[in-house]
Amino acid sequence: MTERAPLSRKLSAIAESATLKVDAKAKALKAEGKNVISYAAGEPDFATPQFIVDAAAEALADPASYRYTPAPGLPALREAIAAKTLRDSGLEVSPSQVIVTNGGKQSVYQAFQAVVNPGDEVLLPAPYWTTYPEAIRLADGTPVEVFAGADQEYKVTVEQLEAARTPRTTALVFVSPSNPTGSVYTAEETKAIGEWALEHGIWIISDEIYQNLTYEGVKATSIVEAVPEVAGQTILVNGVAKTYAMTGWRVGWMVGPADAIKIAGNLQSHLTSNVNNVAQKAAIAALNGPQDEAEQMRQAFDRRRQLIVSELSKIDGLVVPNPLGAFYVYPDVQGLLGRTWGGVTPTTSLELADLILDQAEVAVVPGEAFGPSGYIRMSYALGDDQLLEGVQRLQRLFSSSSSSSSSSS
């Protein structure tokens with residue numbers, strides 16, 4: 001008998017999402033009765049605002065919701081997204097330049113499929129969201145990491161990007177506010193990067209999913225607002241998940257030049273067709289309706305942000321840059337490595353995350369998921385009491401009295 005043909009080499013090389021993997025492990029331990037506090041998932045703990053749910057309920061009663069609709073999205077939603085893009089990103093676009101996708105992840109995937117050819121290099125500032133390099137590889141591109149540490153507030157410079165550029169560089173990933181770090185590029189930094197990309201004809205994939213979650217009076221300046229001329233080579237990715245606590249509704253979108261959107265739309269027509277109509281109508285309500293509850297959630301995130309930064313900063317050995325966007329903090333934990341805690345001496349942030357889960361029953365995502373080792377990501381999109389309790393567990397675990405010297409330090 002002939003041996004079965006092999007599975008796809010391309011898909012076999014794709015790693016599971018590290019953030020979802022850690023979150024699943026934490027949930028499994030909870031199911032076993034463990035009192036695990038998880039900072040792993042980037043998911044608001046709030047309920048979706050009721051007026052959005054009501055719009056979905058109304059859509060359920062409309063037989064039109066049960067049918068196929070245009071693959072790029074409902075016209076009313078594409079119009080609402082175009083209006084939001086002008087309002088928040090400073091870019092005027094036609095609704096025909098919008099594709100509604102099954103969450104932001106599908107937009108990320110389709111954006112790379114649209115602009116990357118086999119052998120192309122994509123500059124990927126690190127730390128990066130775990131999906132980007134896999135989506136680049138699925139487009140037969142090569143991710144080229146450009147790392148910026150805590151000393152740079154995790155923000156890359158034009159000089160670093162230029163040093164990494166080669167004749168094969170065709171695209172750049174730009175994310176502000178950032179997942180996993182919460183960093184926000186200033187208007188001046190954004191303009192410098194946009195002008196550099198424009199000069200070299202480089203595509204920009206700009207993920208703006210957290211653009212409405214900023215703090216301390218900071219504005220997330222869109223790269224197409226900072227450099228309007230770069231809009232012809234930029235795809236914006238966004239969605240309702242984070243701002244409106246709608247992660248499970250799976251509504252995202254991509255906005256870009258007509259030619260790029262056309263071929264991405266052709267792909268979507270074969271890949272998924274239209275997004276769930278009930279969820280699309282809920283998204284219309286979210287974008288067009290009152291923004292009071294979204295603002296209340298943002299204020300709650302801000303309060304939690306200040307609390308977690310203050311409390312983590314009390315741990316000797318942690319460096320905690322102040323995040324000005326999203327809902328993550330990204331401490332540098334290198335000062336905790338090579339020291340013995342509860343009989344264990346971690347030498348990487350992956351080992352440290354395992355130690356934290358085992359000894360403190362706290363789930364964090366190690367830096368290896370987002371780039372170099374030596375860091376952990378903690379989401380503060382969880383209840384205030386749990387947030388504080390989890391950090392206090394870390395304070396007890398890493399108190400100076402619980403450390404002992406190690407020959408590896």
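Heavy atoms only, all atoms of each residue included: Q233 and L198 are closest at NE2-CA, 3.5 Å. V184 and E189 get closest at one heavy-atom pair: O-OE1, 4.4 Å. Shown here for I99 and I261, the closest heavy-atom pair between the two residues is CD1-O, 3.3 Å. Minimum heavy-atom separation, A171 to V115: CB-CG2, 4.5 Å. Smallest separation of non-hydrogen atoms from P177 and V175: O-CG1, 3.4 Å. The nearest pair of heavy atoms linking G367 to S349 is N-OG, 3.4 Å.
Proximity of a side-chain donor or acceptor of E58 to a complementary backbone N or O of D54 within less than 3.5 Å is not detected. Of the possible donor and acceptor atoms, none in the side chain of R377 sits under 3.5 Å from a partner among the backbone N and O of P180. Using a distance-only test at 3.5 Å, with no hydrogens or angles considered, a donor-acceptor pair links the side chain of Y215 to the main chain of A326. The closest donor-acceptor contact from the side chain of T48 to the backbone of A245 lies under 3.5 Å. No donor-acceptor pair under 3.5 Å is formed between the side chain of W341 and the backbone N or O of P346. Judged purely by atom type and a 3.5 angstrom limit, S269 uses its side chain to pair as donor or acceptor with the backbone of N266. Listed for the S399 side chain is a donor-acceptor partner under 3.5 Å among the backbone atoms of R396. Proximity of a side-chain donor or acceptor of R304 to a complementary backbone N or O of L382 within less than 3.5 Å is detected. Remark: the backbone N or O of E121 is not paired with any side-chain donor or acceptor of T142 at under 3.5 angstrom. Counting only distance, with no hydrogens or angles, the side chain of N238 and the backbone of E208 share a donor-acceptor pair below 3.5 Å.
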W249/V53 under side chain to side chain contact (heavy atoms under 4.5 Å, CB included): CA gap, chis, key distance, verdict: CA-CA 10 Å; W249 295 78; V53 177; 4.2 Å; yes
Using side chain to side chain contact (heavy atoms under 4.5 Å, CB included), reason through Y109 and L271 one step at a time and then give a plain yes or no. CA-CA 11 Å; Y109 171 82; L271 191 65; 4.1 Å; yes
Mind running side-chain hydrogen bond (donor to acceptor under 3.5 Å, both in side chains) on E216 and N322 for me, showing each step along the way? CA-CA 11 Å; E216 299 185 21; N322 184 34; 3.0 Å; yes
Verdict with reasoning, I223 to Y185, per side chain to side chain contact (heavy atoms under 4.5 Å, CB included): CA-CA 10 Å; I223 203 158; Y185 285 79; over 6 Å; no
So N277 and R67, side-chain hydrogen bond (donor to acceptor under 3.5 Å, both in side chains) or not? Walk me through it. CA-CA 8 Å; N277 291 315; R67 309 298 180 211; over 6 Å; no
Take I209 and V237 through the side chain to side chain contact (heavy atoms under 4.5 Å, CB included) test and state the conclusion after the steps. CA-CA 7 Å; I209 193 78; V237 175; over 6 Å; no
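Between the side chains of Q106 and Q268, at least one donor N or O sits under 3.5 Å from an acceptor N or O. Of the N and O atoms on the side chains of E153 and S183, not one donor lies less than 3.5 Å from an acceptor on the other residue. A donor-acceptor pair shorter than 3.5 Å can be found between the side chains of K281 and S65. Side chain to side chain, N212 and Q291 fail the donor-acceptor criterion of an N or O pair below 3.5 Å. Donor-acceptor pairing under 3.5 Å is lacking for the side chains of T221 and T190. Between the side chains of E311 and Q395, a donor-acceptor pair is found at a separation under 3.5 Å. For the residue pair Q211 and K84, a side-chain donor N or O sits within less than 3.5 Å of a side-chain acceptor on the partner. Inspection of the Q306 and S310 side chains reveals no N or O donor paired with an N or O acceptor under 3.5 Å. No side-chain N or O of T234 forms a donor-acceptor pair with one of S206 less than 3.5 Å apart. Between the side chains of D207 and Y132, at least one donor N or O lies within less than 3.5 Å of an accepting N or O.
With rounding to the nearest 0.5 angstrom, the CG atom of L29 is 7.5 Å from the CD atom of E361. To the nearest 0.5 Å, atoms OG1 (T181) and CG (L324) are separated by 10.0 Å. The distance from atom CD of E162 to atom NE2 of H200, rounded to the nearest 0.5 Å, is 4.5 Å. Note that the CD atom of Q152 and the OG1 atom of T157 stand 6.0 Å from one another [nearest 0.5 Å]. Distance check, rounded to the nearest 0.5 Å: CG of D302 to OG1 of T214 gives 9.0 Å. Rounding to the nearest 0.5 Å places CD1 of I193 at 12.0 Å from CD of E188.
The side-chain heavy atoms of M254 and V108, taken from C-beta on, include no pair separated by under 4.5 Å. By the 4.5 Å heavy-atom criterion applied to side chains, V116 and W203 are not counted as neighbours. Side-chain atoms of V251 and V100, non-hydrogen and from C-beta on, do get closer than 4.5 Å to each other. Contact annotation: the side chain of P49 approaches that of M297 to within less than 4.5 Å [non-hydrogen atoms, C-beta and beyond]. Counting heavy atoms from C-beta on, the side chains of F398 and I356 come closer than 4.5 Å. Annotation: side chain of L86 is not in contact with side chain of L91 (no heavy-atom distance under 4.5 Å). At least one side-chain heavy atom of L138 sits under 4.5 Å from a side-chain heavy atom of L11. Taking the side chain as every heavy atom from C-beta outward, R339 and T345 never approach each other to under 4.5 Å.
By the neighbour-count criterion of 12 heavy atoms within 6.0 Å, atom CG of D385 is sparsely surrounded, having that number or fewer from other residues, nucleotides or ligands. The environment of CD in E92 is sparse: at most 12 heavy-atom neighbours from other residues, nucleotides or ligands sit within 6.0 Å. Applying the 6.0 Å contact sphere to NZ of K191 captures no more than 12 heavy atoms from other residues, nucleotides or ligands. The environment of Y68 atom OH is sparse: at most 12 non-hydrogen atoms of other residues, nucleotides or ligands sit within 6.0 angstrom. Atom CZ of R87 is surrounded by more than 12 heavy atoms from other residues, nucleotides or ligands within 6.0 Å.
For F301 and Y328, the ring centers are positioned 6.0 Å apart or more. Residues F327 and Y210 place their aromatic rings such that the two centres sit under 6.0 Å apart. Taking the six-membered ring for Trp and the full ring otherwise, the centers of Y380 and Y39 sit at least 6.0 Å from each other.
Aromatic ring orientation, Y330 versus Y375: parallel (interplanar angle below 30°, classes split at 30° and 60°).
Electrostatic pairing of E225 and K219 counts as a salt bridge here, judged by a charged N lying under 4.0 Å from a carboxylate O. The residues E134 and K10 are annotated as not salt-bridged, no charged nitrogen and carboxylate oxygen being separated by less than 4.0 angstrom.
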